[in-house]
Each structure stands twice: as structure tokens, then as C-alpha cells.
Amino acid sequence: MANTPEELAQVLEEIALLLEIKGENPFKIRAYRNGAESVRQFDGDIVSLAKRNELKGIKGIGSALQDKLHELASTGQLAFLTELKAEFPPGLFDLFGLQGLGPKKIRALYDKLSIDSITKLKQACTDGSVAGLPGFGKKSVEKLLEAIELKEQFADFYRLGEVAPLAETIKHTLQQHPDSLRVEIAGSYRRGKEVLHDLDFLVATSQPAALTRFFTELPEVTSIIACGDTKASVRLENGLQCDLRAVSNEQFPFALQYFTGSKEHNVALRSRALQYGWSLNEYGFTPKNKTTPAPPAARDESQIYRILELERIPPELRENKGEIEAADAGSLPRLVELDNLRGTFHNHTTESDGRNSLEEMAEAARDLGLQYLGIADHSKGQFQANGLYPDRLLRQLDHIKSLNQQWDDFKIFAGTEVDILKDGSLDFTDGLLEQLDYCVASIHNSTQLSEKEMTARIIAAMENPHVTMIGHLTGRLLLQRKSYALNIDKVIDCAAKTGTIIELNCNPRRLDMDWRHWHKARDKGVITSINPDAHHTDHLQYLAFGVKVARKGWLRREDVLNTKSLDEISTWLAKPKGQR
DNA sequence: GCCGTTTTCGGCCCGACTGTTTTCAGTCG
């Protein structure tokens, strides 16, 4: 039953996909996609309107779509879709997830070679039959195999940002149980890893069996893998595995430490415990022999570390990448926190491909308690994203100036996300960029250049005095697309030399630049800006993921540009790049 | 399939890149 606008929209998207495989008129296909977009953006109860067949007059939804949405909302079925689906095997849709495969090629593979699954495609690539098809050759086969490999490699992984709402909902429900004393999500989720294999819930209780049973009966659970007195494993609808461990309140800190990991961190920590004469496991310290004095109890995790004469190590740092040595020396960084953020750059509006207007974005930022919001809509090179030509950009600049007059505690900064062209030049002239408050420069095309060319391209952009920061540096899409060929070390050196910010893009699909590079970048003096790349007011919430990744990269408040207050950032932006 | 109209049919967003071709189709952003 279609009960939400999103469900209605997804049905229209599904139809569009099927029509695409059928080779229908592209404008008809676009009409379905536009219809889906209209449904999503409609300000009002569109589901009820659809049920009552009162959709007339909504832009993008003509008579054909009105009828279909009415049928869908009132009966929960759509005969048109059912018939359409019956024409193709279900496995065919998996092929859409592969880079380089669009509807035409999928159709050709299906028609000529009866390929209707990734397994069959892999086989046909290997045995040479794909290379024999018109339009396919040696290179396409290589690329397809590579795409399949990438997909298989990440088959059981989930992006942090997409799992987080579900994880927090389950945590909240567990907390509501009368027998649960403490609840935490441990594992890689707690460590802020960008992709996760599973979720590890931990609960302190005197009634473990009641909790494990309660866990398996949660509405989000679709199948039970195992359920015992202290441990249960389940699978959710999206395939994600979730484990629950129920322990006593005394064991809880030890279990939390143990299940948070990482494995490498724990190995190092256990070997340190042994030097004190104790073995350490998920239940507590145990003296190695009778002469060893009993260790004191630990009420929380920080006491476990204190007993081992270490500063408390934040979960994000527990990867055995120098954090134990730093904790021993008392030199752990004081990591940036979400509360430290005062604003953000790199956000879009309806002027290019965002969903909300300038006014709505500003209002949402103010609601979050931010003091400033940087707007960076796409430049003209991004046609598909409705990129701005100079005249529109200048009009937006005027609009921002006039809006800014209403506040004295908040400011919109006028920027752009300008394309870095193939040769490293920018999609706008210096004269135009000079008129803006700041500039994000990003790569959106020619992504297959060699490492040497790509590195030179980004360095050229960084050397431009008007480029404040580089957007989504490596172009990676988590679980989907690798980063461009790029010499990160050279880019980091150049960022430090030129005073160019490297953005930490906290869109859950990107989380780019990767946390593994930030510690060394920081030590070379590179500053970041934690940017949500928001295309909707809701996306400002992504800042929380960005802060997790920044913490994972050992970043402190002073390493993050957008922790500066409105006054500080205004002064900073007013200075020439070389003098900041 | 939608929209808009000098009102019922014609236009609908475009360019770069890649790999396949030898002039272009398909994909992507």
C-alpha cells in the first residue's frame, strides 16, 4: 500500500526505469521522473488527494499520472506496473547498479544473450560472448568486470549515513524496555567508519533473555538468525545484520570497550593490560596469577583506560594508528564536536539543482543554530544540474545581499561551486569569482584522466587565488565508485602551500576526503571545511557525519574552518588567500 | 506523458567523454 509520498514517487521512478528498458520515448520517461519529483515536492497531503482523485492542477502530473496515482493510493496496486514488470525478469534491475551500463546496453545484453542477472553477465564477459556484440568491445568487457567486482566486494556493506536513522531508532526502542539499564551501539558504527558490515547493540540488564527476545520481535526485524539467552542476531529488511549482546551492568563498560573495537586497537590494549598482570576481555580484568593484585572495578569505559594509565581514547580514534601511544603520552587531540560548528559552506538551492529556495535554506540553517550559510550553486558547465551562467550568478549575489539586510546575527555568504575543467582552468573567469565571498572548485567531468593529469588539474585550481576550497576532492562514491586517480600527497602539500581548504564533504555517499588522510594533512597545516553539499534543508543534518569523520581523522576545532564565528569568518574571508 | 497555445500538436536541457566506430551511440553528470 502506498501510504507516503515517497512510496508513490518510487513507483513512478520504477515505471520510468522499465520504460527505459523498453526503449520508450525519452520524453515520456522524463515525464514519469518529473511526476515523481512533483509528488515529492508537493506541499500538502498528496496521498489523501490521490486517494480522493483530487490531483488536478498539480504541475507535472497530468491526467495519465493522476489516474495511476489514484489507483495506487486507493487500492495499493497498479495494474499498469504489474503488467510492465511481467515483461522482464527481476534480476535485470540489478544490472542498473553497474557503472557503464544503461538501459540500451542492458536491453542489448538481454535480447541477444538472454543476460538477466549479474552472474550471467559475468559469465558472458569471461567467455567472450559480450565482446562479440555490436557496440561492445574489449574495453567495455574489462570495465564491466571491474564494475561487477566492485559491486561484489561491497555486497554486504552499508553506508554509515544511510544506516544511522535505523540504528538510532532501534537504540531508542531498546532504551524504552523496562529491564534495560544502559544501551549503546558499539562496533564500527561507534567508531564512525564510513561503511558498515553490521550493527552491534549492547544492553546492560539483569534480564538478558527478556531483552534478546524483545530484540528479535522488533518491527524492523524480518528474520531471526539466532536467539539465545545473552546474544541474538537478526536481519532487517534491507539485509543488514544486527547483533545484540545483553550483559550485566558491571560487565557493560568492558563489553562496550570490547565490542567497539577495532580488533587491532583491542589487541594492543590487551597486551598493555598484560604488562599490569591482567588479562582483559569483554567481561572485565582478570588477574593472571594469584600474586597479581585484583584490578579495581570500572564503572565506565574511561575508567578502563585510566586503570591502564591512559587517557580515555575517543571511539573514533580506536584503529591502532598511534592513539594508544598518544594516550600514554597524554597528547591525544581534543577532537572537534558538532557543537563547535558555526556555519557551513557548499550548499545548493533551487537556483541550480537544490530542492529548497535560498530563503528556506537560510531559515533551516538558522533553526540549527548556525550563524552563517555559504551558498555554492553549480556553474554553467553543469547543464544537467541547471548550472548558473554569470548573469544568473550575479542576480543571486544581489538577492543574497538584500536578504542579508534583515539579520545582524546571521549571514549568507555568496559563493559558487565552480567546475574545474579538464585543463585545470575554471568554468568562471577570475573577474567574476572576485565578486563572490568565496569559491568551491570541484571536478564533475573528465574523471578518467591519468593520475598525473588529474593531480596537475587540481593543483592548477588550488593555485588560483580565488579558489577558497576544493569540493569532494577524490570524487569517490562509497560502495559505488572509486576515487579518481590522484596523488593525494602532492595535493595535500599544495593545499598547505597555497592555503587552499580541502572540503570534508559529509554527504553520506561521499565522506570525501577519506579520514585516513586527514591526520597527515592536519600535521602539514591543511584546514578543512565540513560541508554537507546540501541539496535540501534536511541535508544540513549531514554535518553530524562530517564531524564523526573529522574526529576519526584526528581533527581539532582549530583545524575546521567552519568552527569560526561569524565575525572571525568574515575577517578571514576578507583577507587575500595568501595572507590567511 | 506533460505543457501550453496566435488552442490540439510540437517541443521538451545539453555537452563531454568513451569506446566503438570511421561518424556515432550510449552513458554520465
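By convention in this document, chain letters (A, B, ...) are assigned in the order of the sequence lines, proteins followed by strands, and residues within each chain are numbered from 1.
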- Query: Can you tell me how far CD of A:Gln382 sits from NE2 of A:His348, rounded to the nearest 0.5 angstrom?
  - Reply: 9.5 Å
- Could you check whether A:Arg481 gets within reach of a base, just the sugar-phosphate, or nothing at all, counting any heavy atom under 4.0 Å? sugar-phosphate
- Item | Closest to the A:Phe383 side chain, choosing from B:dC14, B:dT27, B:dG1 | B:dC14
- Report, as yes or no, whether the 6.0 Å neighbourhood of atom NZ on A:Lys490 holds more than 12 heavy atoms from other residues, nucleotides or ligands. no
- What interatomic distance, in whole Å, is found between C1' of B:dG1 and the corresponding atom of B:dT6? 25 Å
- Task: Scan A:Pro26 against the nucleic acid and name what it touches under 4.0 Å (heavy atoms): base, sugar-phosphate only, or nothing.
- Result: nothing
- Task: Give A:Ser63 one of three labels, base, sugar-phosphate or nothing, depending on what nucleic acid heavy atoms sit under 4.0 Å from its own.
- Result: sugar-phosphate
- Query: Taking N and O atoms by type only, does the side chain of A:Asn25 place a donor or acceptor under 3.5 Å from a partner on the base of B:dG1?
  - Reply: yes
- Item | Nearest-Å distance for atom pair NE2/P, residues A:His535 and B:dG29 | 13 Å
- Query: Taking the side chain of A:Lys143 as its heavy atoms from C-beta onward, which of B:dG1, B:dG19, B:dG29 lies nearest to it?
  - Reply: B:dG19
- Message: Using atom P in both nucleotides, what's the gap between B:dT22 and B:dC28 to the nearest angstrom?
- Response: 24 Å
- Base, sugar-phosphate, or nothing for A:Gln448, non-hydrogen atoms under 4.0 angstrom? sugar-phosphate
- Query: In whole angstroms, how far is the C1' atom of B:dG10 from the CZ atom of A:Phe27?
  - Reply: 11 Å
- Item | Nucleotide B:dG29, atom P - distance to NZ of A:Lys380 in whole Å | 21 Å
- Message: Say we look at B:dG15 and B:dT20: how far apart would their P atoms be, to the nearest angstrom?
- Response: 26 Å
- Contact class for A:Ile58 (heavy atom, under 4.0 Å): base, sugar-phosphate, or nothing? sugar-phosphate
- Task: Considering just the side-chain nitrogens and oxygens of A:Lys68, establish if one lies under 4.0 Å of OP1 or OP2 belonging to B:dG1.
- Result: yes
- Query: In terms of the angle between their ring planes, are A:Phe157 and A:His197 parallel, tilted or perpendicular, with boundaries placed at 30° and 60°?
  - Reply: tilted
- Query: So what does A:Asn386 hit on the nucleic acid, given a heavy-atom distance under 4.0 Å: a base, only sugar-phosphate, or nothing?
  - Reply: nothing
- Item | From CD1 (A:Ile530) to CG (A:Leu555), nearest 0.5 Å | 7.0 Å
- Task: Determine the interatomic distance between P on B:dC14 and the same-named atom on B:dT21; round to the nearest Å.
- Result: 29 Å
- Query: Between B:dT23 and B:dT18, how far is it from one C1' atom to the other, in whole Å?
  - Reply: 15 Å
- Within the structure, does a side-chain N or O atom of A:Ser140 lie under 4.0 Å from either OP1 or OP2 of B:dG19? no
- Message: Without decimals, in angstroms, what is the distance between A:Leu421 CG and B:dA16 C1'?
- Response: 11 Å
- Task: Could you pick out which residue, A:Leu98 or A:Lys138, lies toward the 5' side of DNA chain B when each is mapped onto its nearest nucleotide?
- Result: A:Lys138
- Query: Heavy atoms under 4.0 Å, any strand shown: does A:Ile29 hit a base, just sugar-phosphate, or nothing?
  - Reply: nothing
- Task: Please state whether the rings of A:Phe345 and A:Tyr438 are parallel, tilted or perpendicular, taking 30° and 60° as the class boundaries.
- Result: perpendicular
- Item | Separation of the C1' atoms in B:dC2 and B:dT7, to the nearest angstrom | 16 Å
- Query: Parallel under 30°, tilted from 30 to 60°, perpendicular over 60°: which one fits the rings of A:His539 and A:Tyr542?
  - Reply: parallel
- Query: In the strands shown, is B:dT8 matched to any nucleotide by a Watson-Crick or G-U wobble pair with both distances under 3.5 Å, and which?
  - Reply: none
- Item | Given B:dG1, B:dC17, B:dG29, the nucleotide with the shortest approach to the side chain of A:Ser446 | B:dC17
- Taking atom P in both B:dC17 and B:dG11, what distance in whole Å separates the two? 30 Å
- Message: Angle between ring planes, A:Tyr372 versus A:Phe413, binned at 30° and 60°: parallel, tilted or perpendicular?
- Response: perpendicular
- Query: P atom, B:dG4 versus B:dC13: distance in rounded Å?
  - Reply: 13 Å
- To the nearest Å, give me how far apart CG (A:Leu69) and P (B:dC2) are. 10 Å
- Item | Nucleotide B:dG19, atom C1' - distance to NZ of A:Lys139 in whole Å | 9 Å
- Task: Send over the distance from A:Glu37 CD to B:dC12 C1', rounded to a whole Å.
- Result: 17 Å
- Note on the structure: Whichever of A:Val141 and A:Lys422 has the more 5' nearest nucleotide on DNA chain B, that residue is A:Lys422
- May I have the distance from A:Lys104 (atom NZ) to B:dT18 (atom C1'), rounded to whole angstrom? 16 Å
- Note on the structure: Taking B:dG26, B:dC12, B:dG29 as options, the one with an atom nearest any side-chain atom of A:Arg30 is B:dC12
